[in-house]
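Hydrogens, waters and symmetry mates play no part in the numbers below; they use all other heavy atoms, side chains included.
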Amino acid sequence: MRYLEIVNDFGTSLLDDAFKGYYLHSKGIGVIGGGVGLVSVATCSTPVVSGENYPVIAVKFPGFTQLYKGDQSASLYTWVFYIEEAFKSVPFEYFIFKEALPGHALGTGLLVLKNAQDQVIYDSDANYLNVVDVIYTPYNQPITRSYGTDHTYAICVTQPMVRRVTADTPGGWGRVDPFGAKITSGGTGIFQEWTYRTSSGGDPTPPPGGNVWAGFLVADVTSF
């Protein structure tokens, strides 16, 4: 049963005392490095807490990026991202969002909602994941969006995608073309395939029917 509900002029529920979402747990700067068959990658991590669901990671970087891999050990979540080589000297910022379980915040904000057990379920002082756009990038169809410069945005990879050409080179790949995303300093979002690494081999074979898709969320991280 809902005891409190905030709605807009159209009757759409914006917030109630059954609120569930993801809040900013931590943020940091990724460690830039390389590896066998890799050019430049950024590594990000956060500790595992028993009983929690998998967190969401959003990244802010002026060059193209795409998720290379994600790992979970008993104590640590780790993500490794392909990054555009030309921007490897620029900080790779990341934001970790975790599920807003009851009691996740201190309850210091102007608006605080609690459940029947007196646990905070919403706190206006907390920074919640605010998704402003959802993008799917098909093969050979670049997408651009204009987000403006009044806010700051980060990228969440929801569906990684990369095309490769095998070759007798370190790592076994002669060419690596991820489907990447970046938001420029002018507020333009660009979502397209880019050549991350090439040492031999031609263009990767197009997918059957061209139906390769990479998925992204765009999050507003202005106040973070």
Worksheet entry | Qualifying side chain to side chain donor-acceptor pair (under 3.5 Å) pairs with a residue from residues 38-48, counting only residues at least two apart or across chains | Ser40-Glu85
Worksheet item: Should Val120 and Leu106 be marked as a side-chain contact (heavy atoms from CB on, under 4.5 Å) after you check the CA-CA gap, both sets of side-chain angles, and the distance that decides it?
Response: CA-CA 7 Å; Val120 174; Leu106 297 176; over 6 Å; no
Fill in: Pairwise salt bridge (Lys or Arg N to Asp or Glu O under 4.0 Å) hits with a residue in residues 54-68, at least two apart
Lys60-Glu93
Examine [X] and [Y] and state if one hydrophobic cluster contains both, with Ile, Leu, Val, Met, Phe, Trp and Tyr joined whenever side-chain heavy atoms are less than 4.5 Å apart.
{"X": "Leu129", "Y": "Phe224", "result": "yes"}
{"X": "Tyr139", "Y": "Met161", "result": "yes"}
{"X": "Phe81", "Y": "Val162", "result": "no"}
{"X": "Trp79", "Y": "Val218", "result": "yes"}
{"X": "Val80", "Y": "Val31", "result": "no"}

Discussion item. Under a 3.5 Å threshold, yes or no: a donor from one side chain and an acceptor from the other, between Tyr147 and Asp133?
Written reply: yes
Discussion item. Take a 6.0 Å sphere around CG of Leu111 and say whether it holds more than 12 heavy atoms from other residues, nucleotides or ligands.
Written reply: yes
Take the angle between the ring planes of [X] and [Y] and call it parallel below 30°, perpendicular above 60°, tilted in between.
{"X": "Trp194", "Y": "Tyr82", "value": "perpendicular"}
{"X": "Phe61", "Y": "Phe92", "value": "tilted"}
{"X": "Tyr77", "Y": "Tyr54", "value": "perpendicular"}

Worksheet, complete the sentence: Residues passing the side chain to side chain contact (heavy atoms under 4.5 Å, CB included) test with Ser73, sequence neighbours excluded, are Ser75, Leu76
Set of residues satisfying salt bridge (charged side-chain N to carboxylate O under 4.0 Å, His left out) with respect to [X], sequence neighbours excluded:
{"X": "Asp118", "value": "Lys114"}
{"X": "Asp125", "value": "none"}
{"X": "Glu99", "value": "none"}

Donor-acceptor pair, side chain of [X] and main chain of [Y], under 3.5 angstrom:
{"X": "Tyr128", "Y": "Asp123", "value": "yes"}
{"X": "Gln141", "Y": "Pro138", "value": "no"}
{"X": "Glu193", "Y": "Pro178", "value": "no"}
{"X": "Tyr196", "Y": "Val39", "value": "yes"}
{"X": "Gln159", "Y": "Gly215", "value": "no"}

Do [X] and [Y] come close enough that some side-chain heavy atom pair is under 4.5 Å?
{"X": "Gln66", "Y": "Pro160", "value": "yes"}
{"X": "Tyr153", "Y": "Val132", "value": "yes"}
{"X": "Thr65", "Y": "Phe87", "value": "no"}
{"X": "Ile183", "Y": "Thr188", "value": "no"}

Fill in: Cation-pi geometry met for Lys27 and Phe95 (6.0 Å, 45°)
no
Item to complete: Begin with the C-alpha distance, continue with both residues' side-chain angles, and end with the deciding distance and a verdict on side-chain contact (heavy atoms from CB on, under 4.5 Å) for Thr152 and Asp220.
Response: CA-CA 6 Å; Thr152 303; Asp220 187 336; 5.5 Å; no
Worksheet item: After noting the C-alpha distance and the side-chain angles of Cys44 and Ile57, does the key distance pass the side-chain contact (heavy atoms from CB on, under 4.5 Å) rule?
Response: CA-CA 9 Å; Cys44 315; Ile57 183 170; 3.8 Å; yes
Heavy-atom closest pair, residues [X] and [Y]:
{"X": "His104", "Y": "Tyr122", "result": "CE1-N, 4.2 Å"}
{"X": "Gly63", "Y": "Glu84", "result": "CA-OE1, 3.4 Å"}
{"X": "Pro62", "Y": "Lys182", "result": "O-CD, 3.3 Å"}

Item to complete: Please say which of Asn53, Leu24, Val49, Val56 ends up in a side-chain contact (heavy atoms from CB on, under 4.5 Å) with Lys98.
Response: Val49
Discussion item. Can you tell me how far apart CZ (Phe179) and CZ (Phe216) are? Round to the nearest 0.5 Å.
Written reply: 9.0 Å
